[in-house]
Amino acid sequence: MYVLEGKGTFGHNNINASKGQVLWLSEGGSGESEIDITATEELRILLYAGEPIHEPVVARGPFVMNTEREITEAFSEYRQGTFLK
């Protein structure tokens, strides 16, 4: 889940999150999931999900890769203007 705007508490652990933060959800198990969300100020979130791929995840800035080396390469290619070529 990505918090687009505002602040709130999430899940049974009441995790606090605010604009610009990402919340990582665990597998739901039975195919159905619920999460308690309480807005502490006007709140907009983006919820996205997909099938688990069971691979390592490394995220830095706008890049999400599988290893630190791939992240370093992505930043280097971005700076050189060759990232999308």
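Computation of the quantities below employed the complete heavy-atom set of this structure, encompassing side-chain atoms and omitting hydrogens, waters and symmetry-equivalent molecules.
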Straight-line distance of [X] [atom1] to [Y] [atom2], nearest 0.5 Å:
| X | Y | atom1 | atom2 | result |
| --- | --- | --- | --- | --- |
| K19 | E42 | NZ | CD | 12.0 Å |
| L46 | M1 | CG | CE | 10.0 Å |
| E73 | Q80 | CD | CD | 10.5 Å |
| E5 | I45 | CD | CD1 | 12.0 Å |
| I15 | D36 | CD1 | CG | 12.5 Å |

Over all atoms of both residues, closest heavy-atom pair of [X] and [Y]:
| X | Y | value |
| --- | --- | --- |
| N66 | V58 | O-CG2, 3.7 Å |
| V3 | A17 | CG2-CB, 4.0 Å |
| V64 | A59 | CG2-CB, 4.0 Å |
| I71 | F63 | CD1-O, 3.7 Å |

Taking side-chain contact (heavy atoms from CB on, under 4.5 Å) as the criterion, tell me which of T38, I37, L25 meets it with F10. I37
What pairs with E41 under side-chain hydrogen bond (donor to acceptor under 3.5 Å, both in side chains), at least two apart in sequence or on another chain? none
Do R60 and M65 have side-chain heavy atoms sitting under 4.5 Å apart? no
Check whether T72 reaches the backbone of E68 with its side chain - one donor and one acceptor, N or O, closer than 3.5 Å. yes
Between the side chain of Q21 and the main-chain N/O of S18, is any donor-acceptor distance below 3.5 Å? yes
Using the rule that Ile, Leu, Val, Met, Phe, Trp and Tyr join whenever any side-chain heavy atoms are under 4.5 Å apart, tell me whether L47 and Y2 fall into a single cluster. no
